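To find a chain, count down the sequence lines: A is the first, B the second, and so on, and within it residues start at 1. When reading the values below, keep in mind they use all heavy atoms of this one structure, side chains included, and skip hydrogens, waters and symmetry mates. Note that the structure is predicted; figures quoted are calculated from it, not measured.
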Number of protein chains: 2
Amino acid sequence: MRVTPTRVVLADDALLFRQAIAWLLEQHDFQVVGQVSDADGLRNAVSALRPDIAVIDIRMPPTGRLEGLESAVELRARHPDLGVLLLSHYLESHYLPVLFGANARGVGYLLKERVTGIEAFVEAVTRVAAGGCVLDPEVVDLMIAARSRRDPLHTLTAREREVLALMAEGRSNQAIGAQLVLTPKTVESHVRSIFTRLGLAPEPDDHRRVLAVLTYLRAHH
Amino acid sequence: MRVTPTRVVLADDALLFRQAIAWLLEQHDFQVVGQVSDADGLRNAVSALRPDIAVIDIRMPPTGRLEGLESAVELRARHPDLGVLLLSHYLESHYLPVLFGANARGVGYLLKERVTGIEAFVEAVTRVAAGGCVLDPEVVDLMIAARSRRDPLHTLTAREREVLALMAEGRSNQAIGAQLVLTPKTVESHVRSIFTRLGLAPEPDDHRRVLAVLTYLRAHH
DNA sequence: GCCAACATCAGGGGTAGCCCTGAAACCGGG
DNA sequence: CCCGGTTTCAGGGCTACCCCTGATGTTGGC
């Protein structure tokens, strides 16, 4: 009952891997309309063939550049309806925000070694081609981490922000407790909670109280 | 052999004192071209008579205003070559920075009760009229105190600033020692020295490490 | 109504960061 | 040449700040 099969363009500089994926996809009723090995080819193929989805391998270290990611960003801007599924060995965090831009429709990012099975991969291609969003859990973790890096104070509770504000004024735990009417133990409890929430693990080289104050000051310009 | 005597304008609301100073200066080959008793008179006299120097008494508490000081600031801005010698009973610290502004050429500030002798006073008038700078030692003390309040880091040694810079990055004493090749004990020694130099007494309500970091950050915008 | 998150606090323990004194080496200036 | 300031460090002590677990009451959402 399939009227038109999903049209796929494959981008990968490794011929073998490309062929393998193409064969795999065609076994699952996809139509691989083009295979390219570099960013220019990808651009041209998408413009000429108008596929439903581009499956792009980001092959970077140590040889290649980030051209896969860069052209992915470009493609999403130029072809809003195009699905883009990225495959990578590593997690390239730098381009994630710009890649998703405003919306996360028709985009995917999978880590190769974490794709458990063929079914999961095919499922991902289908979902992305249909405008869905498929992200490796690790990618999700990293993005929320990045968000909380942008405004780490939003992860704190109101009370914790009060305590941190006083810490940032150079007050001692004793003084904080006196001002907020808390026992010293409770102040310590809040301080500990602040540390963990700000992602400040107890490194021997860090003075976490100062680091917490610094993040607080940065968030308040 | 004096071609033109130094031309002086005297400003003081007390007639007796004014006359006494005028007589004293004329005994020492100065030419007192004008005597005034208020700020307006001073302004007009300087504009009309173009003296080399204005000797101004700041007569304030409890009656008068700070008009002497204010007009002194104004005069220095309007007449860059005019010497201005201020006489005061008290030390008025508030106007000192704005009084000196960019340069301290042709300006003087003496405390009456600390003028030891007539020779010293005459010498001061001469120096200021010639574009020099005469300041009571107490004034100097107060200015450097103000400067060290404005930039407390200048009171630190080079090594202490290195340590404080690392503290301001949230590093622990251990990490600081490792980076600067110091034993932990030496780091502690520097930290203690930084505290005392920044005037951070061991108050139970203060977290001095944070306070030291804050002053460091303030000094670096 | 229950569960999760928050806020409060206690008990009990470790140690980094602080205190003080003292001392040695160096260096520049009166 | 000695003297004050800087830099380096040790010994010895104290406690504020940190860790962990666990308990209680409150709140808000499903």
Side-chain angles (χ1 to χ4, degrees), chain A residues 144 147-148 151-216, chain B residues 137 141 144-145 147-148 152-216:
Chain A
I144 66 152
R147 172 173 303 261
S148 63
D151 191 2
L153 300 191
H154 274 32
T155 68
L156 299 182
T157 68
R159 198 58 162 168
E160 286 160 356
R161 270 194 295 276
E162 285 186 90
V163 173
L164 181 53
L166 291 173
M167 279 201 275
E169 292 176 5
R171 319 271 303 174
S172 65
N173 284 2
Q174 179 186 107
I176 294 171
Q179 185 150 345
L180 299 182
V181 197
L182 295 174
T183 65
K185 282 294 189 184
T186 305
V187 177
E188 292 177 12
S189 183
H190 285 305
V191 170
R192 219 176 325 118
S193 181
I194 289 170
F195 288 162
T196 61
R197 269 199 234 268
L198 293 183
L200 298 175
E203 299 288 335
D205 279 5
D206 291 346
H207 196 293
R208 290 143 78 201
R209 193 182 185 97
V210 171
L211 286 176
V213 168
L214 290 178
T215 57
Y216 178 83
Chain B
D141 287 354
I144 67 152
R147 171 172 303 262
S148 67
L153 300 191
H154 274 31
T155 69
L156 299 182
T157 68
R159 198 58 160 168
E160 286 160 357
R161 270 193 295 276
E162 285 186 270
V163 173
L164 181 53
L166 290 172
M167 278 200 276
E169 291 176 6
R171 321 269 312 185
S172 65
N173 284 1
Q174 180 186 106
I176 294 171
Q179 186 151 345
L180 299 182
V181 198
L182 296 174
T183 64
K185 281 294 188 182
T186 305
V187 177
E188 292 178 11
S189 182
H190 285 304
V191 170
R192 220 176 325 119
S193 181
I194 289 170
F195 289 161
T196 60
R197 269 199 234 267
L198 294 183
L200 298 174
E203 300 289 336
D205 278 5
D206 291 344
H207 197 293
R208 290 142 79 202
R209 193 184 184 97
V210 171
L211 287 177
V213 168
L214 290 178
T215 57
Y216 177 84

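Within residues 189-204 of chain A, the residues approaching DNA chain C are A:Ser189, A:His190, A:Arg197, by heavy-atom distance under 4.0 Å. Looking at residues 160-168 of chain B, you'll see that no heavy atom sits under 4.0 Å from any atom of DNA chain C.
Rounded to an integer number of Å, the gap from A:Arg159 CZ to C:dC9 C1' is 13 Å. Straight-line distance from the CZ atom of A:Arg171 to the C1' atom of D:dC17: 17 Å, rounded to whole Å. If you take CZ of B:Arg208 and P of C:dC18, they are 8 Å apart, rounded to a whole angstrom. In this structure, the CG atom of A:Asn173 is 13 Å from the P atom of C:dC18, given to the nearest Å. In this structure, CG of A:Leu156 is placed 14 Å from C1' of C:dA5, rounded to the nearest angstrom. Residue B:Leu180 contributes atom CG, which lies 11 Å from atom P of D:dC9 at whole-angstrom precision. Between B:Leu182 atom CG and D:dC9 atom C1' the separation is 10 Å, expressed in whole Å.
Residue A:Thr186 has no polar side-chain atom (N or O) positioned under 4.0 Å from OP1 or OP2 of C:dT8. Dashed line: the shortest gap from a side-chain N or O of A:Thr157 to OP1 or OP2 of C:dC6 is not under 4.0 Å.
The CG atom of A:Asn173 sits 10.5 Å away from the CG atom of A:Leu182 when rounded to the nearest 0.5 Å. Atoms CD and CD1, from A:Glu169 and A:Ile176 in turn, are 9.0 Å apart once rounded to the nearest 0.5 Å. With values rounded to the nearest 0.5 angstrom, A:Leu198 atom CG is found 11.0 Å from A:Leu214 atom CG. One distance of note links CZ of A:Arg161 with CG of A:Leu166; it measures 13.5 Å at 0.5 Å rounding. Once rounded to the nearest 0.5 Å, the distance linking CD of A:Gln174 with NE2 of B:His207 reads 12.5 Å.
The two atoms that bring B:Arg209 and B:Arg171 nearest to each other are NH2-O, 3.0 Å, heavy atoms only. Minimum heavy-atom separation, A:Leu180 to A:Glu162: CD2-OE1, 3.9 Å. The heavy-atom pair separating A:Ser172 from B:Pro204 by the smallest distance is OG-O, 2.7 Å.
Sorted by first then second residue, the side chain to side chain donor-acceptor pair (under 3.5 Å) pairs that include residues 186-195 of chain A, not counting sequence neighbours, are A:Glu160-A:Ser193, A:Thr183-A:Thr186.
If you find the closest nucleotide of DNA chain D to B:His207 and to B:Pro184, the one lying nearer the 5' end belongs to B:Pro184. Map B:Asp206 and B:Ala158 each onto its nearest nucleotide of DNA chain D; the residue landing nearer the 5' end is B:Ala158.
A:Thr183 comes within 4.0 angstrom of sugar-phosphate atoms only, judged by non-hydrogen atoms across all strands, and of no base.
For D:dC17, its base never sits under 3.5 Å from the side chain of A:Glu188 at any donor and acceptor pair.
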